[in-house]
Amino acid sequence: QARLKESGGGLVQAGGSLRLSCAASGMIFSRSDMAWYRQAPGNKRDLVAHITSGGSTNYADAVKGRFTISRDNDKSSVYLQMNSLKPEDTAVYYCRADEPAGRFGVLEFWGQGTPVTVSS
């Protein structure tokens with residue numbers, strides 16, 4: 001069955017960088033839109049960055065200019081390069097896939113998350 005596995009999270013000082021990876025299996029990755037979300041304690045899960053199957057991207061205002069989402073269809077992986085990290089970026093980061101599943105619908109899959117902590 002479909003599975004997403006995030007990696008690359010950790011502890012970093014403010015101003016530093018991290019690169020998150022999400023490896024997908026059990027789905028048609030090349031035709032799936034992918035996204036990164038994050039959730040801080042007590043908060044809802046918010047969209048961080050999105051990339052379509054065609055490579056178009058969009059970002060939350062809070063990360064625009066600092067984060068870059070990319071994908072490698074040969075590796076069935078999506079990445080989030082995070083630069084100039086701020087303490088407010090601290091959260092668990094989740095990978096999401098939207099896989100086409102019919103004429104008008106998609107199947108939505110989530111990874112388990114990888115924690116990112118940015119110290120001041």
Approximate separation, where rounding is to 0.5 Å, of [X] [atom1] and [Y] [atom2]:
X      : Y      : atom1 : atom2 : value
Trp36  : Leu47  : CH2   : CG    : 12.5 Å
Thr114 : Lys5   : OG1   : NZ    : 8.0 Å
Gln1   : Leu107 : CD    : CG    : 11.5 Å

Would you say [X] and [Y] are hydrophobically clustered, going by side-chain heavy atoms of ILVMFWY under 4.5 Å?
X      : Y     : answer
Met82  : Ile69 : yes
Met34  : Val48 : yes
Ile51  : Leu20 : yes
Phe109 : Phe29 : yes

Legend entry - Members sharing Leu11's hydrophobic cluster (side chains within less than 4.5 Å): none
Legend entry - Remaining members of hydrophobic cluster (4.5 Å side-chain criterion), Tyr79: none
Inset, instruction - Just grab all the disulfide bond (SG atoms under 2.5 Å apart) pairs involving residues 74-120, residues at least two apart or on different chains. - result: Cys22-Cys95
Inset, instruction - Keeping to residues at least two apart or across chains, list the disulfide bond (SG atoms under 2.5 Å apart) pairs with something in residues 39-92. - result: none
Inset, instruction - Just jot down the side chain to side chain donor-acceptor pair (under 3.5 Å) partners of Arg45, sequence neighbours excluded, or say none. - result: Gln39
Legend entry - Which residues share a side chain to side chain donor-acceptor pair (under 3.5 Å) with Ser7, sequence neighbours left out: none
Compile the donor-acceptor pairs under 3.5 Å between side chains in residues 85-93 and protein atoms, sequence neighbours left out, one pair per line.
residue : atom : partner : partner atom : Å
Asp89   : OD1  : Arg38   : NH1          : 2.9
Asp89   : OD1  : Arg66   : NH2          : 3.0
Asp89   : OD2  : Arg66   : NH1          : 2.8
Asp89   : OD2  : Arg66   : NH2          : 3.4
Asp89   : OD2  : Lys86   : N            : 2.8
Thr90   : OG1  : Pro87   : O            : 2.9
Thr90   : OG1  : Val118  : N            : 2.9
Thr90   : OG1  : Val118  : O            : 3.4
Tyr93   : OH   : Arg38   : NH1          : 2.9
Tyr93   : OH   : Asp89   : O            : 2.7

Inset, instruction - Ignoring hydrogens and angles, state whether a donor on the side chain of Ser77 or Asp72 is under 3.5 Å from an acceptor on the partner side chain. - result: no
Inset, instruction - Show your reasoning for whether side chain to side chain contact (heavy atoms under 4.5 Å, CB included) applies to His50 and Thr57. - result: CA-CA 5 Å; His50 177 264; Thr57 61; over 6 Å; no
Test of understanding: with salt bridge (Lys or Arg N to Asp or Glu O under 4.0 Å), list the residues that count as partners of [X], not counting sequence neighbours.
X      : answer
Arg19  : none
Asp46  : Lys44
Glu108 : Arg96

Legend entry - Closest contact, heavy atoms only, Asn83 versus Ser17: OD1-OG, 2.8 Å
Inset, instruction - Please collect all side chain to side chain donor-acceptor pair (under 3.5 Å) contacts where either partner lies in residues 23-35, sequence neighbours excluded, each pair once. - result: none
Inset, instruction - Could you tell me whether the side chain of Gln81 reaches within less than 4.5 Å of the side chain of Phe67, counting heavy atoms only? - result: no
Legend entry - Short side-chain to backbone donor-acceptor contact, Glu6 and Gln112, under 3.5 Å: yes
Legend entry - Residues which pass ring pair (Phe, Tyr, Trp, His ring centres under 6.0 Å) with Tyr37, listed by chain and number, not counting sequence neighbours: Trp110
